[in-house]
Amino acid sequence: MNNMAAFLKPTSVAVIGASNNPHRLGYVVVSNLLAGCFNGPIIPVTPKYTAVAGILAYSHIETMPIIPDIAIVFCLVSHYIIPVHVLTGY
């Protein structure tokens, strides 16, 4: 899959900063992916919860089982700058 196709029609999505609080964007995005019948893996990343919207959550991006096509970030960037660099090489 080329880079633009992965962005426009991802087959997997990580939600970094996922939440179980319905007033937080990290929860809204996970819920919308589920309600919108997204068929690929949804990977919530949060150190606060073991699951988000019934989906197993990962405490750090290094522990994700796959490298997703896209990652949507809802947290302080300073928490993830080094891990994203390690994960992507950028």
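Counting begins at 1 with the first residue of the sequence.
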Would you give the length of the straight line joining atom [atom1] of [X] to atom [atom2] of [Y], rounded to the nearest 0.5 angstrom?
X	Y	atom1	atom2	result
I43	T63	CD1	OG1	10.0 Å
F38	T11	CZ	OG1	6.5 Å
H60	I16	NE2	CD1	12.0 Å
L33	N39	CG	CG	11.0 Å
Y27	N32	OH	CG	10.0 Å
I67	I61	CD1	CD1	10.0 Å

Check your understanding: With side chains defined as the heavy atoms from C-beta onward, is the minimum distance between V15 and V52 less than 4.5 Å?
Key -> no

Subject >> V13 and P68, any side-chain heavy atoms less than 4.5 Å apart >> reply: no

Quiz prompt | Minimal non-hydrogen separation, A51 against N20, with atom names | solution =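 That would be O-ND2, 2.8 Å.
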
Nearest heavy-atom approach of N21 to Y49 is N-OH, 4.4 Å

| message | Are I42 and V28 connected into the same hydrophobic cluster when the rule is that any two of I, L, V, M, F, W, Y join if their side-chain heavy atoms are below 4.5 Å apart? | response |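 The answer is no; the residues belong to distinct hydrophobic clusters.
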
**Asked** With respect to P41, which candidate in P65, P10, S12 satisfies the side chain to side chain contact (heavy atoms under 4.5 Å, CB included) definition?
**Response**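 Of P65, P10, S12, side chain to side chain contact (heavy atoms under 4.5 Å, CB included) with P41 is met by S12 alone.
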
